[in-house]
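Structure record follows, encoded as structure tokens.
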Amino acid sequence: MSAEVKKGDTLLEVRNISLSFGGVKALQDISFDIRKGEIRAIIGPNGAGKSSMLNVINGFYHPQDGEILFEGAVRDHMKPHQVARLGIARTFQNIALFKGMTTLDNLMTGRMIRMRTNLFWQALWKGPAEREEVEHRKRVEHIIDFLKIQSIRKTPVGRLPYGLQKRVELGRALAADSKLLLLDEPMAGMNLEEKQDMCRFVLDVNDEFGTTIALIEHDMGVVMDISDRVVVLDYGRKLADGTPGEVRDNQAVIDAYLGVSHA
Amino acid sequence: MFYRESGDFKTSYIQDQQIFPIGLDRWFVAVVCVFAVLVVPFLINDYWEKSVLVPVLVWSMAAIGLNILTGYCGQVSLGTGGFMAVGAYASYKLTTMFPELNMFLVVLLSGGVTALVGIVFGLPSLRIKGFYLAVATLASQFFLVWLFNKVPWFYNYSASGQISAPERFVFGIAVSGPNAPPWATYLFCLVFVVVFAFIAKNLTRGRIGRSWMAIRDMDIAAEIIGVPPLRTKLSAFAISSFYIGISGALFFLVYLGAVEPTEAFGIDKSFLVLFMIIIGGLGSILGSFIGAAFMFLMPVLFKNIMVGGLGWPTDLVAHLIFILIGGLIMFFLIVEPHGLAQLWRVTKEKLRLWPFPH
Ligand SMILES: Nc1ncnc2c1ncn2[C@@H]1O[C@H](COP(=O)(O)OP(=O)(O)OP(=O)(O)O)[C@@H](O)[C@H]1O
Ligand SMILES: [Mg+2]
């Protein structure tokens, strides 16, 4: 479909996106891009429209205006499960794991889009079905090792503590081997040690797997440390866009964070 | 005492993904299967066939079917009775229209017809969930029973409005009709139940089963991972209805022999199967068997003890059984939603660690 995207080229671009819910303008004329191989942070105060932006990107919300380009091609109106097949995975602000299933099954479900044996072989659990299961199991075990969650492989995730659930959710998103990973506040509610672990994982994923990452985060220290570029939203509008240094020195951003009145 | 998995190391993913990962379990299941196929047919008599074995097999089949839809995919259905009726009437029409058609095929095709009907009645599930979906399936229950009462074509214009199973043979031996020997009807049902229980187990532990459970546990996340909601829900409706249709066909052809839809496939049957999977264990194939056996046999047992043994009045005992079942359902819904199968699993885990609990 589209030409091979090299590191540093634009992987995803949103153009003039506007989204409103009744009277609430969640996003107003937002444009920015995400380059292949980078860690892109999206920041902003509560209710700025960050999660809504991710929901637009993965097809969960449909903006009234604007367009989205992925790998250089304009994307039509798509359902979330179609976007997943394009190569976009994500985690949620409020953990959205499959609570009744084990860690292993959660990650195996993450590989759904890559499995294709038909009903007949699956019913027999032989031949192609068994081979496929083993092949994907290997990949999933690699991710389990990477995230150091071997000991909870067979535990139903509903029983795990919060920090581990966040990690399993990252694992499930990784399992899809996507081109673009969207992380909605992966470190929220974690203690310092858990945060450091999670930062490490995000950097390693970016480094080892070469995955492009867009993440929403409130902890400014983390954002400044790990991201390549930052886009700042406030009240549904884009305030600033640039390297962490540029954004930190931007007067509009400082005002927004210090709560200067918008009157 | 020697029930354990230590020393039972897995050296490949194939081994780790077995249905029964523990060696002793595999032996136990093999012995049960051999016993059921090679020994029971020689011991079986009319009483055991009609009062215990065949009905438990038929209800297990229905329970597996509903468990796929409700326990695995999370779509509550109160239409089980109606779908069993579809299976029964499909088998009746098929075997009267094509008397030479092999009986295994008749039953399988009846399951297929029911699967198609299930897809149609599953369509609303994309839009409505939970309680509202249950009400919609309730409507299908009443509609289907009404249809089979109303349209004479379904019962071949018989004066009574009933359908009755003609005598049919497999390998020269009758499996339906009044002269079918108990061992033959039993084996006929057993083949379907064993084969399709294994198929259900395979489906639920693979890709399709995981996509059902993903929809059940968190449909939004499932969709964002790439699980297409409509297709997944409809596949659960189709496969679930296939099983329920087979159970309806066997219920009519082999067990009852003659049915009248309101009586045989009423709403009480829908609830019965739902209670089976709640008590046996939602999302468990083993639980479907346990629940079916429990719900069908417990009343028989209590009646034998209380009426036969203690001489209590029949209606009192009937009410006591109702109260007991109601109490059990509340207990399981509140305390152990995974049912008897989970209690069994926990016991096994304890056994495995015994005598060193830590
Ligand atoms: N489904 C929805 N229906 C109605 N309003 C919505 C919906 N989703 C988001 N909004 C509104 O859009 C605005 C942006 O919300 P969003 O969740 O994107 O903010 P956010 O930047 O992620 O905030 P936070 O940091 O609190 O997560 C808010 O005013 C919110 O109330
Ligand atoms: Mg948010």
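In the text below, chain A, chain B and the rest are named by the order of the sequence lines, each starting its count at 1.
- Looking at A200(B), there are no atoms closer than 4.5 Å to chain A (heavy atoms on both sides), in backbone or side chain.
- Taking a 6.0 Å sphere around NZ of K99(A), one finds it holds more than 12 heavy atoms contributed by other residues, nucleotides or ligands.
- With a 4.5 angstrom heavy-atom cutoff, R205(B) touches chain A via backbone and side-chain atoms both.
- Looking at R210(B), its side chain never comes within 3.5 Å of a backbone N or O of D105(A) through a donor-acceptor pair.
- With rounding to the nearest 0.5 Å, the separation of CE in M115(A) from OG in S211(B) is 10.5 Å.
- Note on G206(B), G209(B), A214(B): by heavy-atom pairs under 4.5 Å with chain A, the leading option is A214(B).
- For chain B, no part of L182(A) is nearby; none of its heavy atoms comes within less than 4.5 Å.
- Nearest heavy atom pair, residue A96(A) against residue M218(B), reads CA-CE, 3.8 Å.
- Enclosure of atom CZ in F32(A) by more than 12 non-hydrogen atoms of other residues, nucleotides or ligands within 6.0 angstrom is indicated.
- In this structure, CE in M101(A) is found 4.5 Å from CE in M213(B), a value given to the nearest 0.5 Å.
- Heavy-atom neighbours of chain B within the stretch residues 116-152 of chain A, taken at a separation under 4.5 angstrom, comprise R116(A), T117(A), L119(A), Q122(A), A123(A), L124(A), W125(A), E130(A), E133(A), V134(A), R137(A), K138(A), E141(A).
- Within 6.0 Å of atom CZ in F21(A), more than 12 heavy atoms from other residues, nucleotides or ligands are found, so the atom counts as buried in its surroundings.
- Using a 4.5 Å cut-off on side-chain heavy atoms (C-beta onward), I225(B) and R172(A) make contact.
- A pairwise comparison of heavy atoms in R85(A) and G226(B) identifies NH2-O, 2.8 Å as the closest pair.
- I239(B) touches chain A through its side chain: at least one heavy atom from C-beta onward sits under 4.5 Å away, while N, CA, C and O do not.
- Chain A forms more heavy-atom pairs under 4.5 Å with one residue of V227(B), D217(B), T204(B) than with any other, namely D217(B).
- Around atom CZ of F331(B), more than 12 heavy atoms belonging to other residues, nucleotides or ligands sit under 6.0 Å away.
- With respect to I224(B), the side chain to side chain contact (heavy atoms under 4.5 Å, CB included) criterion is satisfied by exactly one of V83(A), I88(A), N58(A), T91(A): N58(A).
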